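Quick caveat: nothing in here was measured; it's all calculated off a predicted structure. Residue indices begin at 1 and follow the sequence shown.
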Amino acid sequence: QVQLVESGGGLVQAGGSLRLSCTASGRTSSAYGMAWFRQAPVPGKERDFVAAITWDGGTTVYADSLKGRFTISKDHTKSMVNLQMSNLKPEDTAVYYCAAGRPYMDLRRSQYEYNYWGQGTQVTVSS
């Protein structure tokens, strides 16, 4: 089992920045490929892929629309994954979720590839 706890959400003005963090705990949690997803406050909307990173932090992938504004990173020794968000826009408003897949998993964009989820952290961008 892997437990995930997110932090760092909040309210920010458009153009501002936020840094989200996710700490993983549990046996071998540092060996998991991890990702961030988000879910906008729209009825029936599924979670959208944001970014993913391999277990060693060596390789990353982003949603095409977010490249250049969001950066995912991993502190391998602390089993922590971060999401640095810059030039935020009102359409970035969502609940952001940290997810862990399985040990040594490669980069995956589908939420169904991830077995463990955090509770989510709210990010609100005002115009």
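For Y97 against G118, the heavy-atom pair with the smallest separation is CD2-O, 3.6 Å. Of all the heavy atoms in F49 and R109, the pair that sits closest is CB-O, 3.4 Å. Considering every non-hydrogen atom in both Y114 and G101, the closest pair reads CD2-N, 3.4 Å. Between L18 and G8, the shortest heavy-atom distance links the atoms CD2-O, 3.8 Å. The two atoms that bring L4 and A24 nearest to each other are CD2-CB, 3.5 Å, heavy atoms only. When all heavy atoms of P41 and A94 are compared, the closest pair comes out as CD-CA, 4.4 Å.
Here R102 pairs with E113 under the salt bridge (charged side-chain N to carboxylate O under 4.0 Å, His left out) rule; sequence neighbours left out.
Applying the salt bridge (Lys or Arg N to Asp or Glu O under 4.0 Å) definition to pairs two or more places apart or across chains, none involves residues 54-63. A side-chain hydrogen bond (donor to acceptor under 3.5 Å, both in side chains) check over residues 6-16, counting only residues at least two apart or in different chains, returns the pairs E6-Q119.
A distance of 8.0 Å separates OG1 of T23 from CG of N82, quoted to the nearest 0.5 Å. Atom CD of Q3 sits about 11.5 Å away from atom OG of S79, to the nearest 0.5 Å. Put simply, CG on L88 and OG on S17 are 6.0 Å apart, with the number rounded to the nearest 0.5 Å. Residue Y62 holds its OH atom at 10.5 Å from CG of L107, rounded to the nearest 0.5 Å. Annotation: the span from N115 atom CG to Q1 atom CD amounts to 9.5 Å, rounded to 0.5 Å. Rounding to the nearest 0.5 Å places OG of S73 at 8.0 Å from CD of Q84.
Here the side chain of T59 pairs no donor or acceptor atom with the backbone of T54 at under 3.5 angstrom. A donor-acceptor distance shorter than 3.5 angstrom exists from the side chain of S86 to the backbone of R69, with no hydrogens or angles considered.
Taken together through direct or relayed side-chain contacts under 4.5 Å among Ile, Leu, Val, Met, Phe, Trp and Tyr, M80 and W55 form parts of separate hydrophobic clusters. No continuous path of ILVMFWY side-chain contacts below 4.5 Å connects Y116 to V95, so the two sit in separate hydrophobic clusters. V125 is not connected to F37 by any chain of hydrophobic side-chain contacts under 4.5 Å among Ile, Leu, Val, Met, Phe, Trp and Tyr, and they are in different clusters. In terms of hydrophobic clustering, with Ile, Leu, Val, Met, Phe, Trp and Tyr side chains grouped at heavy-atom distances under 4.5 Å, I53 and Y32 are assigned to a common cluster. Hydrophobic clustering (ILVMFWY, side-chain heavy atoms < 4.5 Å, transitive): L20 and V50 are in one cluster.
Residues D92 and V123 form no side-chain contact, since every pair of their non-hydrogen atoms from C-beta on lies 4.5 Å or further apart. Side-chain contact between Q122 and L11: absent, with no pair of heavy atoms (C-beta onward) separated by less than 4.5 Å. Between W36 and C98 there is a side-chain heavy-atom pair separated by less than 4.5 Å. Using a 4.5 Å heavy-atom threshold, the side chains of T60 and K74 count as separate.
Ring pair F70/Y96 is tilted by interplanar angle, where 30° to 60° counts as tilted.
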**OP:** With side-chain contact (heavy atoms from CB on, under 4.5 Å) as the test, would you mind laying out the steps for L66 and R38 before giving the verdict?
**Re:** CA-CA 12 Å; L66 301 177; R38 67 184 185 183; 3.8 Å; yes
